[in-house]
Amino acid sequence: MGLGEESESRVEPEASPALVLSNAEIADRLASLAQLLSSQKENPYKVRAYQRAAARIRTFSESLDEMVRHDADLTRYEGIGEAIASAIREIVLTGTLGKLEKLRESATPEVFSISQYPRLDPKRVLRIYKKLGIASTEELRRRLENGEIDRMMGARMAQHVRQGLTETHAMLLYRADDLREAVEQYLLGPCGARRVEVAGECRRRVEVVEELVFVVETGDFPAMVSRLQRYGGRTPLLGAAKDHASFALSSGVILRVQLARPDAWGLQMVVCTGSKAHLKELKRVTGSLRALKASGSNFPTETALYEKFGLAYIDPELREGYGEVAQAMGGTLPALVTAGDIRGDLHAHSTSSDGSESIEEMALAAKARGYEYIGISDHSQSLKIARGVSIDDLWAQIRRIDLLNGKMRGFRILKSAEVDILADGSLDYPDDLLRELDYTVCSIHSRFGLGEKAQTERIMRAMDNPYFHILGHATGRLLLKRPGYSIDVDRIIGHARQNGCFFEINSSPDRLDLSAENARRAAAEGVKIAVSTDAHAGRELDLIRCGIDQARRAGLTKATVLNCQPWEALQRSFKR
DNA sequence: GCCGTTTTCGGCCCGACTGTTTTCAGTCG
């Protein structure tokens, strides 16, 4: 998008830079090799080593091709040893990899065709082929599009195939932040930008990013565009006009840069930040933004633009078209929660279950962050793989925390547990033990496959237990990996309100569960939400920033976030 | 294949549960 003066045109690939292999092309070959080795049942650690190296290479901003030609030592990078370094050299110098070609020759036609899509897992795809009686990637794509893979193989498999077959790839926000940093440095350094600011999904803190957008100021835009084509060796230009351009980054994310003059900077930031839904709301007040630009009005900052139309400044996280423009006009925008409002973490693990630091260490880490409390919520007895705490051990842990609290000043360790919600909706500890805890986080870790109705009622039954307090990661989703189990969120929100239960925004970057949309619905019904990290080590308490991003996207304020309260108030909230 | 090092090879997390099945391999944190 952007307010381009002319529409984008397809650009023919340049002749000479094509001789340079891009990091993406090198990574693809290593990934294909991993596929073929995997389908030959090679040592899985070897397979993973190639996959890891391929993934790593996609994040490089320097050109591997150039490094090889300058005889740089590639083994200084983690995950690249002698063997993979020499494979990369061979790819760069000969354009091919003998080992890969050989394996391709001996592969079945099915596996050969799968290896054209380096992100597909051949084992999984072969299972699909067998079950659906098909044998080609074209057929695979067709069955994906008509929903058959979803129906026959499940949503998870469908997601894998979808990601494997498409060329653009979404990326977790917190990985995109690293990429953003690298591209920003590249824009300011080699590209000679005077000013760079990130916009788009990254700025709105959307949990999964498909496009990196920058607003830039430079005296020589064409030079910047040509320099960007050499990012990571070679970065294909997808299209360009005189004031904007987009590129296909190695990682599969689209990079878009929009040129802006200082006097139109604010306007371009608004347009490039989006979202589409926000801009639609905004245009009802401002009229066409394109016309606004043509009028030559002066909008050096976003605030200048919003102010001119009688709007308060709208935080980027709120720009999703949920009525924020009307709120900005009426002066009723929420004061979004910030990391500084958080008084403690209500979901952390310790060495008692699958954490890597002791209760004392976790407490010290929380105290060092300026928190007033930390809730130790270790896994319950049934979750064997996470070394769930036995009934006896939890009794002992309760007594130990009491002792520790006796020695702490101005800080409190809360006695909690992440209690499994069992298949029948009962909780994984007896009531007389649950009663001794300050509160509980109750979560589903098994039987994801129950249908929506059964899963919903399972959670509602669990909420009927008077010692149920916070529903942990409500849908079990893992972003870009697993869609989560199906539940009727509205029914569960209603039941939570009735029973005095709460939700959690789990801050793990690949969970962020509740979603912003569901958190918004819960808050609208008056159900408070804990923003928790699920930390398994002291440093993971930092992940709270990811949860805060999500909470802000949901429009949550200090008053709607459970752990913005001091312990005394919290204690009252947990009385049912 | 990489890493670390106790320098020459073993570990790379793991163990119970699940299944319009695949009786093994995928899955849950």
Side-chain angles (χ1 to χ4, degrees), chain A residues 30-31 33-57 74-88 97 99-100 121-132 148-157 159-160 347-356 377-390 417-423 428 441-451 455 472-473 475-478 481-485 504 506-511 513 532-537 540 543:
Chain A
L30 295 179
L33 181 58
Q35 286 179 309
L36 293 167
L37 292 172
S38 155
S39 57
Q40 291 211 327
K41 302 213 192 292
E42 224 335 331
N43 173 4
Y45 294 109
K46 187 196 276 196
V47 173
R48 210 176 304 161
Y50 279 107
Q51 286 168 340
R52 234 188 356 243
R56 183 79 214 281
I57 286 169
L74 302 178
T75 63
R76 71 172 191 268
Y77 296 104
E78 200 168 322
I80 299 180
E82 285 304 326
I84 292 181
S86 95
I88 293 172
L97 183 58
K99 208 165 161 182
L100 173 64
D121 171 11
K123 280 196 206 153
R124 289 205 249 183
V125 174
L126 288 176
R127 263 167 59 205
I128 298 174
Y129 281 7
K130 194 170 163 198
K131 182 146 177 182
L132 269 52
E148 203 169 325
I149 293 182
D150 219 305
R151 264 197 322 279
M152 302 283 292
M153 313 295 302
R156 191 171 188 161
M157 199 68 111
Q159 184 162 353
H160 172 73
H347 187 167
H349 295 264
S350 77
T351 43
S352 301
S353 65
D354 60 347
S356 60
S377 307
D378 276 309
H379 287 291
S380 60
Q381 52 181 346
S382 289
L383 203 62
K384 306 286 186 203
I385 188 171
R387 298 198 304 276
V389 181
S390 71
E418 183 174 9
V419 187
D420 260 53
I421 299 173
L422 302 179
D428 196 22
V441 178
C442 301
S443 315
I444 284 183
H445 293 121
S446 61
R447 303 296 301 273
F448 279 30
L450 293 181
Q455 204 70 281
H473 45 70
T475 72
R477 73 172 180 179
L478 291 180
K481 228 190 259 171
R482 179 176 83 194
Y485 36 84
E504 159 186 282
N506 189 297
S507 305
S508 302
D510 60 348
R511 286 192 183 272
D513 183 15
S532 305
T533 59
D534 203 349
H536 285 66
E540 289 181 11
L543 294 176

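Order of the sequence lines sets the chain letters (A, B, ...), proteins ahead of strands, with each chain counted from 1. Only a predicted model underlies this, so the values are computations on that prediction, with no experimental measurement involved.
In this structure, the separation between NE2 on His445(A) and OG on Ser380(A) is 8.0 Å, given to the nearest 0.5 Å. Rounding to the nearest 0.5 angstrom, the gap separating the CD1 atom in Ile421(A) from the CZ atom in Arg447(A) is 14.5 Å. Here Arg511(A) contributes atom CZ and Arg477(A) contributes atom CZ; the two are 10.5 Å apart, rounded to the nearest 0.5 Å.
With 3.5 Å as the limit, one finds no donor-acceptor pair spanning the side chains of Asp420(A) and Ser382(A). Under the 3.5 Å distance criterion, with hydrogens and angles disregarded, a donor-acceptor pair is assigned to the side chains of Glu418(A) and His473(A).
Picking from dC12(B), dC2(B), dT21(B) the nucleotide with the shortest atom distance to the side chain of Tyr45(A) gives dC12(B).
Remark: P of dT20(B) and CG of Asp150(A) are 16 Å apart, rounded to the nearest angstrom. One atom, CE of Met157(A), and another, P of dT22(B), lie 11 Å apart when rounded to the nearest Å. Whole-Å rounding puts the Glu42(A) CD to dC2(B) C1' distance at 14 Å. A straight line from CZ of Arg52(A) to C1' of dG1(B) spans 8 Å, rounded to a whole angstrom. As rounded to whole Å, 11 Å separates atom P of dT18(B) from atom CG of Leu422(A). Between Glu78(A) atom CD and dC12(B) atom P the separation is 16 Å, expressed in whole Å. Distance, Leu33(A) CG to dG1(B) C1': 11 Å, rounded to whole Å. In this structure, Met152(A) places its CE atom 9 Å from C1' of dT20(B), rounding to the nearest Å.
The phosphate of dG1(B) (OP1 or OP2) has a side-chain N or O of Lys46(A) nearer than 4.0 angstrom.
The gap from the C1' atom of dT23(B) to that of dT18(B) amounts to 12 Å, rounded to the nearest Å. Taking atom C1' on both nucleotides, dG26(B) is separated from dT22(B) by 9 Å, rounded to a whole Å. Annotation: dT21(B) and dT27(B) have their P atoms spaced 16 Å apart (nearest Å). Comparing the same atom, P, in dG15(B) and in dT20(B) gives a spacing of 26 Å after rounding to whole Å. Spacing of C1' atoms, dC12(B) relative to dG19(B), comes out at 29 Å, to the nearest Å. If you take atom P in dG11(B) and the same atom in dT6(B), they sit 16 Å apart, rounded to whole Å. Atom name C1', nucleotides dC2(B) and dT8(B): the rounded distance is 14 Å, in whole Å.
When atom types are taken as modelled, the side chain of Asn506(A) and the backbone of Asp513(A) share no donor-acceptor pair closer than 3.5 angstrom.
dC28(B) and dG15(B) make up a base pair, with Watson-Crick or G-U wobble contacts both under 3.5 Å.
The shortest heavy-atom contact between Leu30(A) and Ile88(A) is CD1-CG1, 4.2 Å.
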Name every donor-acceptor pair, under 3.5 Å, that has one atom in a side chain of residues 75-82 of chain A and the other anywhere in the protein, sequence neighbours excluded.
{"residue": "Thr75(A)", "atom": "OG1", "partner": "Asp73(A)", "partner atom": "OD1", "Å": "2.7"}
{"residue": "Thr75(A)", "atom": "OG1", "partner": "Asp73(A)", "partner atom": "OD2", "Å": "3.3"}
{"residue": "Arg76(A)", "atom": "NH1", "partner": "Asp73(A)", "partner atom": "O", "Å": "3.2"}

* Structure fact -> Heavy-atom contacts, protein to nucleotides 24-29 of chain B, under 4.0 Å, summarised as B (base), S (sugar-phosphate only) or - (none) per nt, yield --SSBB
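Taking 4.5 Å as the limit, some side-chain heavy atom of Gln455(A) sits within range of a side-chain heavy atom of Ile444(A).
The aromatic rings of Tyr485(A) and Phe448(A) stand perpendicular to each other, their planes meeting at an angle above 60°, with 30° marking the opposite boundary.
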Check nucleotides 5-10 of chain B against the protein and report each pair of N or O atoms closer than 3.5 Å, with its distance, or say if there are none.
none

